[in-house]
Each structure stands twice: as structure tokens, then as C-alpha cells.
Trainee: 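Okay, here's the structure, questions in a sec.
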Amino acid sequence: YIVAPRTASSTGKEIILTQTDIRMLQQSKAAIRATIDLVLRKSCSSSNEINKLFLTGTFGSGLLIEDAYSIGMLPRFANASLTQSRNGAIQGAGLLLNREYREIAEQMLQQLNYVELMDNEEFNQLFFESLPFPSR
């Protein structure tokens, strides 16, 4: 599919969308969705119970949340306030310079659970369930 002809492109080349591009998007969104669903399941929570959602990095800060919902990349976080930050990791590291925040982080570490995704049958099942794009 030609997104933009060469005359409209700043590179002077056509911008195209291929079947491979769609497949990569499909696999990426399925991996993201399966990970979120698995974490929610392991924590005995639902997306409606989440009250804060942080999306960081270049990807997270530029993500159009309604588009992510519409393709099934994210479950609907109906009760969550959304914060998008390009430099969330840097901001978080900066907070750790403060002793009080560092102590809070150390306490939180005691409550964390690690979930291995490699060879995780539950993740694999959720991944395959998340591959299709939702029908309209």
C-alpha cells in the first residue's frame, strides 16, 4: 500500500506499507498485550482496577492511546489516569538520588514478583490469542 507517493515524500521515495510491516505490528502488539494480560492475571487484577498508567520512552510517549486500544494492543484502562513521558527512565533514576525515594524503592523490591516469559506456556497462549486485530 502506498502511504505517500515520492512527490509527497521528503526523501523523494515512496512510503509504502507492506504485508511484512503489518505482520510485525501484529506480533509486537500481541507481545505487549500478552505481557500486560499475564501480569494482570498473575496479580489477580483487572485493567479496570489500575488507576495510574505510565507510558515511557519514544514509543510510549508518542503512542496514541485510543489507537492502541482500537488495535487491541492495550486492554481498556477505564479508571486510569495516563502519563506519557519520553524520559521516564531518566526521571526515575533521578528520583533514586533522593534517599527517601530510594528507601521506598527498596521496600517495593521486596514485594515484586518476577515472571519469566521465555518458554512460558501461559504467555504463549495469551500471545496467540492476542494476534488477531479486533473486528469493528
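Keep in mind that this is a model prediction, so the values were computed, not measured.
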Trainee: To check you understand the geometry: which heavy-atom pair defines the closest contact between R102 and L97, and what is its length?
Mentor: NH1-O, 3.6 Å
Trainee: Of all the heavy-atom pairs spanning S85 and G88, show the shortest one and how long it is.
Mentor: OG-N, 3.4 Å
Trainee: Is it true that a side-chain atom of S61 and a backbone atom of G57 form a donor plus acceptor pair closer than 3.5 Å?
Mentor: yes
Trainee: Under 4.5 Å between side-chain heavy atoms, hopping through other hydrophobics if needed: is there a path connecting I71 to Y1?
Mentor: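 Same cluster: I71 reaches Y1 through Ile, Leu, Val, Met, Phe, Trp or Tyr contacts under 4.5 Å.
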Trainee: Determine, stepwise, if the pair L40 / I50 fulfils side chain to side chain contact (heavy atoms under 4.5 Å, CB included).
Mentor: CA-CA 9 Å; L40 288 171; I50 305 301; 4.0 Å; yes
Trainee: Mark yes or no for whether K29, through its side chain, and S130, through its backbone, hold a donor-acceptor pair below 3.5 Å.
Mentor: yes
Trainee: Would the distance check show the side chain of R33 and the main-chain N or O of G72 forming a donor-acceptor pair, the cut-off being under 3.5 Å?
Mentor: yes
Trainee: Do D21 side-chain atoms and T18 backbone N/O form a donor-acceptor pair below 3.5 Å?
Mentor: yes
Trainee: What pair of heavy atoms forms the shortest contact from P75 to Y69, and how long is it?
Mentor: O-CE2, 2.9 Å
Trainee: Can you measure from CG (N87) to OG1 (T56) and round to the nearest 0.5 angstrom?
Mentor: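 These two atoms lie 9.5 Å from each other.
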Trainee: For Q84 and L55, indicate whether the former's side chain and the latter's backbone hold a donor-acceptor pair under 3.5 Å.
Mentor: no
Trainee: Are side-chain heavy atoms of N51 and N79 found at a separation under 4.5 Å?
Mentor: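 Answer no - side chains too far apart.
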Trainee: Should F59 and I22 be regarded as members of a common hydrophobic cluster, given that ILVMFWY residues are connected when their side-chain heavy atoms come within less than 4.5 Å of each other, either directly or indirectly?
Mentor: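 Yes, F59 connects to I22 through the hydrophobic network.
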Trainee: If every non-hydrogen atom of A34 is compared with every non-hydrogen atom of F123, which pair is closest and at what distance?
Mentor: CB-CE1, 3.5 Å
Trainee: Examine the side chains of D67 and S70 and answer whether a donor and an acceptor come within less than 3.5 Å of each other.
Mentor: no
Trainee: What is the distance from atom CD1 of I104 to atom CZ of R99, rounded to the nearest 0.5 Å?
Mentor: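 Result: 12.5 Å between the selected atoms.
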Trainee: So I36 and F77, side chain to side chain contact (heavy atoms under 4.5 Å, CB included) or not? Walk me through it.
Mentor: CA-CA 11 Å; I36 292 169; F77 292 98; 4.0 Å; yes
Trainee: Using the rule that two of Ile, Leu, Val, Met, Phe, Trp, Tyr join whenever any of their side-chain heavy atoms come within less than 4.5 Å, decide whether M108 and Y101 are in one cluster.
Mentor: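 Looking at the clustering, Y101 is in the same group as M108.
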Trainee: Say whether M24 and L74 are linked into one hydrophobic cluster, either directly or through other cluster members, by side-chain heavy-atom distances under 4.5 angstrom.
Mentor: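 Different hydrophobic clusters.
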Trainee: Would you check if R86 and Q91 make a side-chain contact, meaning some heavy-atom pair closer than 4.5 Å?
Mentor: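 Of all side-chain heavy-atom pairs linking Q91 with R86, none is under 4.5 Å.
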Trainee: Please say whether more than 12 non-hydrogen atoms of neighbouring residues, nucleotides or ligands are located less than 6.0 Å from CZ in R41.
Mentor: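 Counting other residues, nucleotides and ligands, CZ of R41 stays at 12 neighbours or fewer.
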Trainee: What is the distance from atom CG of L63 to atom CE of M73, rounded to the nearest 0.5 Å?
Mentor: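 Reported value, rounded in 0.5 Å steps: 6.0 Å.
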Trainee: Honestly curious: do L117 and L126 fall in one hydrophobic cluster under the side-chain, below-4.5 Å linking rule?
Mentor: yes
Trainee: With rounding to the nearest 0.5 Å, note down the distance linking CZ in R23 to CD in Q26.
Mentor: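 Taking CZ in R23 and CD in Q26, the distance rounds to 4.5 Å.
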Trainee: Run L25 and F133 through side chain to side chain contact (heavy atoms under 4.5 Å, CB included) and show every step you take.
Mentor: CA-CA 10 Å; L25 172 64; F133 289 108; 4.3 Å; yes
Trainee: Counting only heavy atoms from other residues, nucleotides and ligands, does the tally under 6.0 Å from CG of L96 exceed 12?
Mentor: yes
Trainee: Determine whether a donor-acceptor pair (N or O, by modelled atom type, separation under 3.5 Å) exists between the side chain of Q125 and the backbone of E122.
Mentor: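 No: the side chain of Q125 does not pair with the backbone of E122.
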